[in-house]
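The chains referred to below are lettered A, B, ... by the order of the sequence lines, with proteins before strands, and numbering in each begins at 1. Here the structure is a predicted model, which means the values were calculated and not measured.
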Amino acid sequence: MPELPEVETARRVLERELSGSRIETVDVRQPRIVARPSASAFGTAVTGRTVAGFGRRGKYLHMHLDGDGTVVVHLRMTGHLSVAEAGAPEAPHTHLCMAMADGRELRFADPRRFGRLWLVATGDEGSCCASGLGLEPWDPRLTGGFLRERLGRSSRAVKACLNDQGIVAGIGNIYSDEILFCAGIRPDTPGNLLSSADFERLAELIPERMGFFTEMNAVTPEEYAEDAGRRYRNTPYLRVYGRAGQPCDVCGTALVRSVVGGRGSVHCPRCQPPA
DNA sequence: GCGAATGTTCGCTT
DNA sequence: CAAGCGAACATTCG
């Protein structure tokens with residue numbers, strides 16, 4: 001489900017709902033979703049702690065605890081987090097529940113069980129990503145020159161580069177297609193065939209599109225709770241992702257699906273011409 | 001029944 | 001040796 005905009009939506013809701021709450025019990029029903037430490041050590045260490053606040057880096061959500069310690073959550077493909085009254089109906093595939101002192105629960109559910117949680121020392125959140133995280137989309141260091149340096153000497157497809165969390169953190173398969181559509185660049189274009197103007201355009205569009213989809217997905221805690229964080233409100237604004245075969249909303253040409261970097265991709269053959 | 005799905009990591013090849 | 005690619009993970013949905 002989630003790329004940076006959807007993780008940011010969850011972060012904002014949880015910040016409002018759970019900051020200052022005390023965690024009374026931790027119930028890990030599917031031990032393998034806790035990556036570090038062991039599920040039992042995780043439960044013991046988190047029990048009794050107070051939630052200090054929520055942060056985010058790329059697609060990783062950080063739940064800061066009082067004193068030292070951060071619970072890091074990655075939702076991968078199908079994970080979702082929600083807050084509910086204890087005893088309220090549970091989403092299928094709920095793998096972890098934290099009961100708060102006020103009678104509510106923080107729940108983590110994930111049908112495919114790809115999502116993971118870690119408990120790390122505060123400041124050590126980066127250790128959850130093996131290959132390291134690149135710049136946030138709004139980092140002032142994200143310039144055309146930066147992208148030329150990181151993409152311009154490689155024959156790797158530009159879409160695979162945008163999805164590389166070690167270059168820019170938080171872009172995934174939906175938003176790389178959206179960014180490249182607005183940039184007029186075909187997803188399979190090798191980085192070393194892009195022009196300086198292409199890199200400048202991408203450097204502007206990455207923060208612009210990620211910000212746009214973040215704000216279009218914004219919800220109240222009540223709206224978020226209606227579907228346990230599973231429904232995204234920004235999907236009506238997608239211009240290419242999931243729309244293969246439909247007309248391009250700029251030129252009317254049928255959008256084309258292909259596979260780039262091992263991922264399904266959609267582009268407009270006219271607005272995004274071959275390099 | 002088959003194919004594809006919002007992500008990451010690992011292992012093998014080039 | 002670094003970069004890049006496909007497979008694996010597990011389940012649902014169209």
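Residue A/Ser154 places at least one side-chain N or O closer than 4.0 Å to OP1 or OP2 of C/dG4. For B/dT9, the OP1/OP2 oxygens have a side-chain nitrogen or oxygen of A/Ser131 closer than 4.0 Å. Side-chain N/O atoms of A/Arg76 include none lying less than 4.0 angstrom from OP1 or OP2 on C/dA10. Contact between the side-chain N/O atoms of A/Arg156 and the OP1/OP2 oxygens of C/dA2 is not found at any separation under 4.0 Å. Contact annotation: A/His93 does not reach the phosphate of C/dA10 (side-chain N/O to OP1 or OP2, under 4.0 Å). OP1 or OP2 of B/dT8 sits under 4.0 Å from a side-chain N or O of A/Gln165.
Atom NZ of A/Lys159 is separated from atom P of C/dG4 by 17 Å (rounded to the nearest Å). Per the geometry, CD1 belonging to A/Ile171 stands 12 Å off P belonging to B/dT8, to the nearest Å. B/dA5 atom P lies 16 Å from atom OH of A/Tyr175, rounded to whole Å. In this structure, CD1 of A/Ile174 is placed 17 Å from P of B/dA4, rounded to the nearest angstrom. Distance A/Trp118 CH2 to B/dT9 C1': 11 Å, rounded to the nearest Å. One can place CG of A/Asn163 at 14 Å from P of B/dT9, the figure rounded to the nearest angstrom. Here the C1' atom of nucleotide B/dA4 and the CZ atom of A/Arg257 are 7 Å apart, to the nearest Å. Between the NE2 atom of A/His80 and the C1' atom of B/dG7 there is a distance of 16 Å, given to the nearest Å.
To the nearest 0.5 angstrom, A/Glu3 atom CD is 11.0 Å from A/Asn217 atom CG. Atom CZ of residue A/Arg57 and atom CG of residue A/Leu4 lie 10.0 Å apart, to the nearest 0.5 angstrom.
Each of C/dT12, B/dT8, B/dG7 was ranked by its minimum atom distance to the side chain of A/Pro111; first place goes to C/dT12. Of the candidates B/dT9, B/dG7, B/dA4, the closest approach to any side-chain atom of A/His74 belongs to B/dG7. Considering only the side chain of A/Glu3, B/dG7 comes nearest among B/dT9, B/dG7, C/dA10.
Judged by ring centres under 5.5 Å apart and planes tilted less than 30 degrees, A/Phe114 stacks against the six-membered base ring of B/dG7.
In this structure, A/Gly262 reaches neither bases nor backbone, as no heavy-atom distance under 4.0 Å exists between it and the strands shown. No engagement by A/Arg153 is indicated, since no non-hydrogen atom pair under 4.0 Å with the nucleic acid exists. Across all strands, A/Tyr241 comes closer than 4.0 Å only to sugar-phosphate atoms, never to a base (heavy-atom distances).
For B/dG1, there is no paired nucleotide, since no Watson-Crick or G-U wobble pair has both relevant distances below 3.5 Å. Across every strand in view, C/dA10 sits unpaired, with no contact that passes the Watson-Crick or G-U test at under 3.5 angstrom.
Applying the under-4.5 Å side-chain rule to Ile, Leu, Val, Met, Phe, Trp and Tyr, the cluster around A/Tyr60 extends to A/Val72, A/Trp118, A/Val120, A/Leu133.
Taking atom P in both B/dA4 and C/dG6, the straight-line distance is 14 Å, to the nearest Å. Across the P atoms, B/dT8 and C/dT12 are found 22 Å apart, a figure rounded to whole Å.
Taking for each of A/Cys128 and A/Arg112 the nucleotide of DNA chain B with the nearest heavy atom, the 5'-most of the two is the partner of A/Arg112.
Within the 3.5 Å criterion, the main-chain N or O of A/Cys161 finds no donor-acceptor partner in the side chain of A/Asp164. A distance-only check finds a donor-acceptor pair linking the side chain of A/Glu178 to the backbone of A/Arg239 [under 3.5 Å].
Residues satisfying the ring pair (Phe, Tyr, Trp, His ring centres under 6.0 Å) test with A/Phe212, not counting sequence neighbours, are A/Tyr237.
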